[in-house]
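Right, one structure below, let's go through it.
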Amino acid sequence: MSIEVKHLTKVYGSQYALNDISFEAHNGQVLGFLGPNGAGKSTTMKILTGFIPQTTGEAIVCGQNVDAHPLEIRKMIGYLPESNPLYYDMYVTEYLEFSARIHQLGDKTKSRIDEMLERTGLTAERSKTIRQLSKGYKQRVGLAQAMLHDPKVLILDEPTSGLDPNQLVEIRSLIKQLGKDKTVVFSSHILQEVQAIADRIVIINKGKLVADDTASALQDKLQNQTIVKVEFKQSVSNAQLEQIKGVKSISRLNDGRWSVVSNGTTDLRESVFEFAKQKDLTLLHLEKESYSLEEVFKQLTTSK
C-alpha cells in the first residue's frame, strides 16, 4: 500500500487537531478525504507530506516512515496545499521550470512541462505571468506543479477550488485518470465530486475518524434498510404489496408510485419483481433509493 496512517494524533496545547486516526490508501486508488471545516483534513495532509510533525502515531508513505525519511518521501509525493502558494511574478513556464530544477528532472524538463501544460489545459497560458491568471487557472498551475515530477502519490487539498463548471469536469476526469496508476488522496467540500471520483471515502470529524468505506457502503450502513420505488401498470393495493417477503411498510407517493420499505438491509427489488411476475403485473418502474452522500455526511459530522 502507498499510504498508512497509524494512530495519528496531533495536539496543540490541550486542543486535539487529530485524535488517534488510522486509515490506508492503496496504489491505483482515489481516496476522498472529507470533514467539516476544522476537522483535521489539512493537518493530516501536512503530516503526510512532512510539513508538520505529529504528536504521536505513524505516517508511512510507500513503505517509508515520514519522520525517518522526509526528503525521500517528498520526492515520491506531489502536493497541492489548500493555499496553493505560487510566485505570481513568474511566467507559467518559468515557474514550472523552477519546480523542475528543484526535482532535478534534467533532460526530462521540457517534455514533462509540455505534458503537464497540456493535461491541465494551460498550454495557451504558458507565456502569461501567474498574476495575470484567473483563480481557476492558478489552481491548474498548482496541479501541474504537483504532477510535474511524476510522483507515486498525489495529495490534493481542495484541488478544484475556484474552477468553473467546464474546468471542474476536466480536472475531475484528470484526477480519476491519475488514480488508475497512482495513489490519490484529495479533499473537497463538493460531496457530489467526491462521490463521482473517489473509490473510497474517509470522513473525519473533530479530529476523529468516523467513516472509512465506499460511498454506497456508507449509504447502506447508515440507512439500515432499503427503500424501493415501484410503479405498476395495473392497480394494486397496500394489502397486496404487504405480501412481499421482507416488507416493513408501504406508502403511496404523489406521482402514483409506491414506496416499499424493507425490515432490514436486504435489497427488495428481486422480491418485488417476483411478486409482479406471480401476480401477472406489468412493472413500469423499479428503483432502489438510498441516502445521499450529503445525508451520510450530515449524520456523521453533526454534533449530538
Side-chain angles (χ1 to χ4, degrees), residues 1-86 98-105 142-159 175 178-179 181-188 194 198-213:
M1 63 198 69
S2 294
I3 292 176
E4 295 177 80
V5 171
K6 298 181 178 181
H7 304 290
L8 207 61
T9 297
K10 179 66 177 177
V11 184
Y12 295 99
S14 61
Q15 181 71 36
Y16 279 79
L18 294 174
N19 191 349
D20 193 29
I21 70 167
S22 300
F23 65 87
E24 299 172 353
H26 302 266
N27 187 47
Q29 183 181 74
V30 178
L31 179 71
F33 201 37
L34 290 176
N37 289 332
K41 302 186 301 297
S42 294
T43 299
T44 305
M45 291 179 165
K46 288 174 182 176
I47 291 172
L48 284 170
T49 51
F51 278 79
I52 61 173
Q54 68 271 28
T55 304
T56 59
E58 285 186 284
I60 298 170
V61 176
C62 298
Q64 298 194 54
N65 190 291
V66 174
D67 288 337
H69 307 281
L71 292 179
E72 289 303 312
I73 293 300
R74 289 172 187 174
K75 292 177 183 179
M76 295 184 282
I77 287 179
Y79 179 39
L80 175 64
E82 184 179 12
S83 58
N84 189 14
L86 299 168
F98 169 72
S99 298
R101 287 197 297 274
I102 292 174
H103 289 293
Q104 300 177 335
L105 296 188
L143 277 169
Q145 173 275 137
M147 299 185 298
L148 186 62
H149 56 297
D150 195 21
K152 296 178 181 179
V153 175
L154 276 171
I155 296 180
L156 311 174
D157 200 352
E158 300 286 344
I175 293 172
L178 290 167
D181 57 7
K182 298 182 185 297
T183 303
V184 180
V185 177
F186 81 101
S187 68
S188 175
V194 176
D199 301 304
R200 249 182 58 242
I201 295 172
V202 166
I203 303 177
I204 61 174
N205 185 44
K206 296 181 179 179
K208 295 183 178 181
L209 186 115
V210 294
D212 181 0
D213 216 324

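Values below: all heavy atoms of this structure, side chains included; hydrogens, waters and symmetry mates excluded.
Residues forming a side chain to side chain donor-acceptor pair (under 3.5 Å) with Q145 (at least two apart in sequence, or on another chain): none. Partners of Q64 according to the side chain to side chain donor-acceptor pair (under 3.5 Å) rule, which considers only residues two or more places apart in sequence or in another chain, do not exist here. With sequence neighbours excluded, no residue forms a side chain to side chain donor-acceptor pair (under 3.5 Å) with N19. Evaluation of the ring-ring contact (aromatic ring centres under 6.0 Å, His included) rule for F186 yields no partner, not counting sequence neighbours.
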Give every donor-acceptor pair under 3.5 Å between a side-chain atom in residues 6-18 and any protein atom, sequence neighbours left out.
unit_1 : atom_1 : unit_2 : atom_2 : d
H7     : ND1    : D20    : OD1    : 2.9
T9     : OG1    : D20    : N      : 3.0
K10    : NZ     : P53    : O      : 2.7

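Taking the side chain as every heavy atom from C-beta outward, I77 and P151 never approach each other to under 4.5 Å. Looking at heavy atoms from C-beta onward, T44 lies in side-chain contact with F23 at the 4.5 angstrom threshold. Under the 4.5 Å side-chain criterion, counting only non-hydrogen atoms from C-beta, Q54 is not in contact with V66. L48 is listed as a side-chain neighbour of V5, based on a closest heavy-atom distance under 4.5 Å.
Minimum interatomic distance between A59 and I47 (heavy atoms only, all atoms of both residues): CB-CG2, 4.1 Å. Annotation for P159 and S187: closest pair CD-O, 3.2 Å, computed over non-hydrogen atoms. S42 and D157 make their closest contact through OG-OD2, 2.7 Å (heavy atoms, listed as atom of the first residue, atom of the second, distance). Closest approach of P70 to A68, counting heavy atoms only: CD-C, 3.4 Å. Between L148 and A100 the shortest heavy-atom distance is CD2-N, 3.6 Å. Between L156 and A146, the closest heavy-atom pair is CD2-CB, 4.5 Å.
Side-chain N or O atoms of R200 include none that pairs as donor or acceptor with a backbone N or O of H26 at under 3.5 Å. With H149 contributing its side chain and M76 its backbone, the two residues share no donor-acceptor pair below 3.5 Å. Although no hydrogens or angles enter the test, the distance criterion places no donor-acceptor pair under 3.5 Å between the side chain of D212 and the main chain of V202.
When each of V184, L178, V185 is checked for a side chain to side chain contact (heavy atoms under 4.5 Å, CB included) with V30, only V184 meets the rule.
The local environment of NZ in K182 is crowded, with over 12 non-hydrogen atoms from other residues, nucleotides or ligands closer than 6.0 Å.
The CG atom of L209 sits 8.0 Å away from the CD1 atom of I204 when rounded to the nearest 0.5 Å. Within the model, atoms OG of S83 and CD of E158 stand 12.0 Å from one another, a figure rounded to the nearest 0.5 Å. With rounding to the nearest 0.5 Å, the separation of CG in L31 from CD1 in I3 is 7.5 Å. Atoms OG1 and CD, from T183 and E24 in turn, are 11.5 Å apart once rounded to the nearest 0.5 Å. Rounded to the nearest 0.5 Å, atoms CG (D213) and CD1 (I201) are 9.0 Å apart. In this structure, L105 CG and H103 NE2 are separated by 7.0 Å, a value rounded to the nearest 0.5 Å.
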Practice task
Output, in order, the C-alpha distance, side-chain angles, deciding distance and verdict of side-chain contact (heavy atoms from CB on, under 4.5 Å) for K152 and N27.
Solution key: CA-CA 8 Å; K152 296 178 181 179; N27 187 47; over 6 Å; no
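Note on residues 45-74: pairs passing ring-ring contact (aromatic ring centres under 6.0 Å, His included), not counting sequence neighbours, are F51-Y79.
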